[in-house]
Amino acid sequence: MTRENTHALSDVLDQLEDGLTDEQICVRDIVDASGRSSFASLILIFALICTSPASTIPGLTTATALIVFSLTIQLILGREAVWLPNFIMRRSVHSNTIMDGIAWLRKPVRFVERFLKSRFTIVNSP
C-alpha cells in the first residue's frame, strides 16, 4: 500500500476551490478533486462543510455526517479507495455556497495550521 503525501489544511481547501467550475457541485466532484484514496482529506472537507455557513442549508449537516461516518468506517476496514452510494454521489449544492464556506474557513484554518507541523516524517515515509 502506498501512502500519499500529507497536505496542509489550506491545500485541501485550495484543491476543493479549484474544482468548483460549475454552478452546482456534487459529492462526486468533491471526491474526484480530492482523490479516490484520500480518506483523510475527504473527511476533513465534509467536516469543514458542517462547520461553515453552508451548514444552514436544511439537511446538509445530516448528509455530511452520514458521508463522514461512511468514510470513517471504510478507513477502519482498510479500504484503499473511497466508495459512496450513487444517491450520495449525485447530491449537489450551489457552488457559491461552498465558496462562501471556504472563504469563511480560511481564517480558522490559518490559525490551526500555525500549530500543526509534520511530525515523524521519516517514520511515516515508505
Side-chain angles (χ1 to χ4, degrees):
M1 181 165 89
T2 61
R3 287 185 188 261
E4 294 182 7
N5 292 335
T6 57
H7 299 285
L9 299 173
S10 57
D11 291 342
V12 174
L13 293 178
D14 292 341
Q15 203 173 21
L16 179 58
E17 194 172 45
D18 291 343
L20 296 176
T21 56
D22 298 329
E23 192 171 310
Q24 292 282 334
I25 184 167
C26 64
V27 172
R28 183 179 321 279
D29 297 334
I30 295 171
V31 170
D32 291 343
S34 300
R36 289 208 147 300
S37 61
S38 55
F39 286 94
S41 295
L42 288 169
I43 290 170
L44 176 65
I45 288 168
F46 289 110
L48 290 175
I49 290 171
C50 280
T51 62
S52 75
S55 65
T56 59
I57 298 171
L60 183 69
T61 53
T62 303
T64 54
L66 290 172
I67 292 169
V68 169
F69 178 74
S70 171
L71 293 171
T72 304
I73 294 298
Q74 291 177 53
L75 187 60
I76 290 169
L77 294 176
R79 284 190 56 95
E80 291 190 24
V82 171
W83 176 86
L84 291 170
N86 206 25
F87 76 91
I88 292 176
M89 295 289 265
R90 288 191 313 253
R91 295 278 184 228
S92 64
V93 177
H94 198 279
S95 61
N96 287 339
T97 304
I98 299 296
M99 292 292 281
D100 291 344
I102 291 171
W104 180 84
L105 287 168
R106 293 275 181 200
K107 188 174 180 179
V109 163
R110 276 194 301 269
F111 176 78
V112 169
E113 283 182 335
R114 289 189 301 166
F115 301 104
L116 297 178
K117 300 195 181 353
S118 296
R119 294 175 180 90
F120 300 111
T121 54
I122 198 156
V123 174
N124 293 327
S125 59

What donor-acceptor contacts under 3.5 angstrom involve side-chain atoms of residues 64-73, with partners at least two apart or in another chain?
residue : atom : partner : partner atom : Å
Thr64   : OG1  : Leu60   : O            : 3.0
Thr64   : OG1  : Thr61   : O            : 3.1
Ser70   : OG   : Gln74   : NE2          : 3.1
Thr72   : OG1  : Val68   : O            : 2.7

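Here the straight-line distance linking atom CZ of Arg28 with atom CG of Asn86 works out to 5.0 Å at 0.5 Å rounding. Of the inter-residue distances, the one linking Ile76 atom CD1 with Phe39 atom CZ reads 11.0 Å to the nearest 0.5 angstrom.
In terms of hydrophobic clustering, with Ile, Leu, Val, Met, Phe, Trp and Tyr side chains grouped at heavy-atom distances under 4.5 Å, Met89 and Phe87 are assigned to a common cluster.
Pairs engaging residues 101-111 under the salt bridge (Lys or Arg N to Asp or Glu O under 4.0 Å) rule: Asp14-Arg106, Glu17-Arg106 [sequence neighbours left out].
Not counting sequence neighbours, Asp100 has no partner by the salt bridge (Lys or Arg N to Asp or Glu O under 4.0 Å) test.
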